[in-house]
Protein chains: 2
Amino acid sequence: MATKLNLDKLDMQIISEMMEDAQISYADLGKKLFVSGGTIHVRIKKLQEHGIVKGTKLNVDLKALGYDITAFIGVYLEKSSLYDTVAKDLQKIPEIVRLNYTTGNYSMFIEVVCKDINQLRYVLHDALQKIKGIERTETLISLEESFNRKVQVASNLA
Amino acid sequence: MATKLNLDKLDMQIISEMMEDAQISYADLGKKLFVSGGTIHVRIKKLQEHGIVKGTKLNVDLKALGYDITAFIGVYLEKSSLYDTVAKDLQKIPEIVRLNYTTGNYSMFIEVVCKDINQLRYVLHDALQKIKGIERTETLISLEESFNRKVQVASNLA
DNA sequence: ATTGAAAGAGTCTCAGT
DNA sequence: ACTGAGACTCTTTCAAT
């Protein structure tokens, strides 16, 4: 997959543009970056072959779908050696969308997306309580997401 | 944008499939869901018109691009009324990809993506220190991302 | 609302530079 | 490595159901 690869300015510009909008046609993107559509095509193919570009995902308005609540939960483990088994159990809870193993205050840090407070309460009081090895948890409910943007990769010139 | 809309099982299935892979052709997706490509097209158009589907984004392997470090930073504000001005200042720091206003331990919670520890140190010791109104911060460095998946919307049948 | 077919647009390949 | 044109595939529209 990941042979080492030199990415030039054009590669980075393509990635940067398509991280925002992956539907733009090669011809249009070529115009924007002053090359032909064929060149865009070759570059994207190269990026895909090297595993840098892994595909495209639909950008969905979760609030419009009724998923109003995002919460972050810091997890304290009884022993840090329990990480792997607890991680497996957490993965079974569908409301948990992300799990990170972290340094600092918590042993692990999870993100939860729910339709309402009842569903969040269920996750916190039922689903998580059933998992062995969790000492306690600390919940941060997001009242507002001020921004959520892509990594700014465009500053790289090579 | 968001007239109230009834989404049926087919709509949810389309969303669910395309959240994973937005490149699938309407014909192929139609086969998978036992309808014609034309029907897929009509549904997606409806979802776009109602703002539920907002477009597609490139799925990029950030590690392959050299962005190895994800960190979460809990921010304590001197006064919670400072939220808006601090939020504006944080948005100017390109390494910060996400900002949430939260209940619980911290006033605000941010996610940072960096290429190396030096860049993270710069964000923590220089960029953040310059911002007025932040009392202190607490950093969680992600050692491993166990999973990061989409919201599981497919259980909805209507 | 869904379908199938025709028209239009985009992707992909390749020979030439 | 980039280009432009031809072949191919996908999207989009639309008349019929």
Side-chain angles (χ1 to χ4, degrees), chain A residues 1-61 64-66 153-158, chain B residues 1-61 64-66 153-158:
Chain A
M1 205 197 294
T3 323
K4 200 57 189 173
L5 185 63
N6 283 339
L7 300 177
D8 67 7
K9 186 178 175 181
L10 180 60
D11 293 317
M12 297 311 289
Q13 286 175 317
I14 292 169
I15 291 170
S16 184
E17 290 287 340
M18 293 187 70
M19 279 174 88
E20 294 287 345
D21 173 16
Q23 303 200 89
I24 188 170
S25 77
Y26 295 174
D28 287 348
L29 186 51
K31 265 179 217 160
K32 209 166 174 178
L33 303 178
F34 307 105
V35 293
S36 75
T39 298
I40 300 290
H41 177 247
V42 170
R43 295 303 189 99
I44 290 175
K45 213 174 129 191
K46 179 186 74 178
L47 291 168
Q48 285 171 335
E49 279 164 1
H50 286 80
I52 290 164
V53 165
K54 296 190 286 185
T56 65
K57 291 191 171 186
L58 205 64
N59 184 11
V60 172
D61 185 340
L65 280 181
V153 298
S155 48
N156 294 37
L157 324 172
Chain B
M1 208 194 296
T3 324
K4 200 57 189 173
L5 186 61
N6 283 339
L7 299 178
D8 67 7
K9 187 178 175 182
L10 180 60
D11 293 317
M12 297 310 289
Q13 289 178 122
I14 292 169
I15 291 170
S16 185
E17 290 287 340
M18 293 187 71
M19 279 174 89
E20 294 287 345
D21 173 17
Q23 304 200 91
I24 189 170
S25 77
Y26 294 175
D28 287 349
L29 185 52
K31 266 179 215 158
K32 209 166 175 177
L33 303 178
F34 307 106
V35 293
S36 74
T39 298
I40 300 290
H41 177 246
V42 170
R43 296 302 189 99
I44 290 175
K45 213 174 129 191
K46 178 186 73 177
L47 291 168
Q48 286 172 333
E49 279 163 1
H50 286 81
I52 290 163
V53 166
K54 296 190 286 184
T56 65
K57 290 191 171 185
L58 205 64
N59 184 12
V60 172
D61 185 340
L65 279 182
V153 298
S155 48
N156 294 37
L157 325 172

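We name chains A, B, ... by the order of the sequence lines, and we start the count at 1 in each one. Both backbone and side-chain heavy atoms feed into the values below; hydrogens, waters and symmetry mates do not.
- Spacing between atom NZ of B/Lys31 and atom P of D/dC10 amounts to 9 Å, rounded to whole angstrom units.
- Within the structure, a side-chain polar atom (N or O) of B/Arg43 is placed less than 4.0 Å from OP1 or OP2 of C/dT2.
- The separation between A/Gln23 atom CD and C/dT11 atom P is 11 Å, rounded to whole Å.
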Stepwise side chain to side chain contact (heavy atoms under 4.5 Å, CB included) check, A/Glu17 with A/Leu29: CA-CA 8 Å; A/Glu17 290 287 340; A/Leu29 186 51; 3.8 Å; yes

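- A straight line from CD1 of A/Ile40 to P of C/dG10 spans 14 Å, rounded to a whole angstrom.
- When the P atom of D/dT11 is taken as reference, atom CD1 of A/Ile24 falls 17 Å away, rounded to whole Å.
- Computed from coordinates, the A/Lys46 NZ to C/dT13 P distance equals 17 Å when rounded to whole Å.
- Within 4.0 Å (heavy atoms only), B/Thr39 reaches at least one base atom of the nucleic acid.
- Rounding to whole angstrom units, NZ of residue B/Lys9 and C1' of C/dA1 are separated by 18 Å.
- Here the side chain of A/Tyr26 is nearest to one of D/dC2, C/dT11, C/dT3, namely C/dT11.
- Between B/Lys45 and D/dT13 there is a side-chain N or O to OP1 or OP2 distance below 4.0 Å.
- Separating the CG atom in B/Asp61 from the NZ atom in A/Lys54 is a distance of 4.5 Å, to the nearest 0.5 Å.
- Among the protein residues, A/Val35 comes within range of the sugar-phosphate backbone only, with heavy atoms under 4.0 Å from sugar or phosphate atoms but none that close to a base.
- Summarising the geometry, the separation between CG on A/Leu29 and C1' on C/dA9 is reported as 16 Å, rounded to the nearest angstrom.
- Going from atom CD of A/Glu49 over to atom P of C/dC12 covers 12 Å, rounded to whole Å.
- Looking at which nucleotide of DNA chain C each of A/Asp28 and A/Gly38 is closest to, the 5′-most match is held by A/Asp28.
- Applying the 4.0 Å criterion to OP1 and OP2 of D/dT12, one finds that B/His41 has a side-chain N or O inside that range.
- One finds a salt bridge joining B/Arg43 and B/Asp8 here, because a Lys/Arg side-chain nitrogen approaches an Asp/Glu carboxylate oxygen to under 4.0 Å.
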Intermediate values then yes/no, side chain to side chain contact (heavy atoms under 4.5 Å, CB included), A/Val53 and B/Asn59: CA-CA 6 Å; A/Val53 165; B/Asn59 184 12; over 6 Å; no

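- Relative to the side chain of B/Leu10, the nucleotides D/dC2, C/dT2, C/dT11 differ in distance, and C/dT2 lies closest.
- Salt bridge present: B/Asp11 and B/Lys46 bring a charged side-chain N and a carboxylate O closer than 4.0 Å.
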